[in-house]
Amino acid sequence: MNYWLIKSEPNTYSWDDLVKLGKDHWDGVRNYQARNNMKAMKPGDLALFYHSVKEKSVVGIAECASEFYQDPTTDDDRWVVVDFVPKEKLKKPVTLDDIKAVPELSEMVLVKNSRLSVQPVKKEEFDKIIAMSEA
DNA sequence: GCCAACGTTGGC
DNA sequence: GCCAACGTTGGC
């Protein structure tokens with residue numbers, strides 16, 4: 001079981017959109033690092049769903065629901081997607097400021113390389129953020 | 001809305 | 001194969 005963080009601008013695609021659809025593929029990734037991370041995902045892996053730009057918060061937990069496959073939005077076979085289903089909405093969003101305020105989370109990719117749209121997250125980091133959302 | 005940081009592209 | 005130029009992203 002691995003943990004991830006997937007990022008989206010809520011104006012473009014939000015947590016609510018995923019909830020509405022019930023299940024959706026995560027498309028539009030055009031970055032090799034992010035692509036490689038998606039290729040490493042397995043069904044059952046959990047991903048923090050992060051809203052960038054305006055909200056800058058983790059808002060929910062999505063569950064990976066497929067292996068990676070060819071991105072249906074492009075013919076370019078370099079790019080892949082995985083399916084996600086919404087698993088749980090956080091009781092309270094955990095903001096970027098909250099995360100930055102916690103020393104244990106200062107090594108997160110989100111903090112160090114905020115531009116990467118699909119990131120690995122350590123189990124401890126994942127658990128910590130969930131705990132913060134319940135506090 | 002601005003600007004810094006990063007990744008990618010393309011010329012050499 | 002290197003590096004400058006460019007485009008995009010996302011925090012502020």
N/O contacts under 3.5 Å, protein versus nucleotides 4-6 of chain C?
none

Can you tell me the distance, in whole Å, between the [atom1] atom of [X] and the [atom2] atom of [N]?
X	N	atom1	atom2	value
A:His51	C:dT9	NE2	P	17 Å
A:Tyr13	C:dG10	OH	C1'	20 Å
A:Tyr32	B:dT9	OH	C1'	10 Å
A:Met108	C:dG11	CE	P	12 Å
A:Leu96	C:dC12	CG	P	6 Å
A:Asn31	C:dT9	CG	C1'	11 Å
A:Arg30	C:dG10	CZ	P	14 Å
A:Lys112	C:dG10	NZ	C1'	19 Å

Return yes if some donor-acceptor pair links the side-chain N/O of [X] with the main-chain N/O of [Y] below 3.5 Å, else return no.
X	Y	answer
A:Asp45	A:Asn2	yes
A:Gln70	A:Asp76	yes
A:Glu134	A:Ala131	no

Q. With a non-hydrogen cut-off below 4.0 angstrom, is A:Lys54 in contact with a base, only sugar-phosphate, or nothing?
A.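 No contact.
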Q: Assign A:Glu9 to base, sugar-phosphate, or nothing according to its heavy-atom contacts below 4.0 angstrom with the strands shown.
A: nothing
Q: Could you state whether A:Val80 and A:Tyr13 fall into the same hydrophobic cluster, counting links through intermediate Ile, Leu, Val, Met, Phe, Trp or Tyr residues with side-chain heavy atoms under 4.5 angstrom apart?
A: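 In one cluster: yes.
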Q.
Quick check for you: among C:dG11, C:dT9, B:dT8, whose closest atom lies nearest to any side-chain atom of A:Arg115?
A.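 The answer is C:dT9, which lies nearest to the side chain.
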Q: Map A:Arg78 and A:Val53 onto DNA chain B by nearest heavy atom, then report which one ends up closer to the 5' terminus.
A: A:Val53
(Q) Assess, by modelled atom type and distance only, whether the side chains of A:Tyr69 and A:Asp83 contain a donor and an acceptor separated by less than 3.5 Å. (A) yes
Q: Assess the pair A:Phe68 and A:Trp26: is the distance between their ring centroids shorter than 6.0 Å?
A: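 No - the distance between ring centres of A:Phe68 and A:Trp26 does not fall below the 6.0 Å cut-off.
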Q.
Please tell me whether A:Trp79 and A:Tyr32 form a close aromatic pair, meaning their ring centres lie under 6.0 Å apart.
A.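 Judged by ring-centre distance (under 6.0 Å), A:Trp79 and A:Tyr32 do meet the cut-off.
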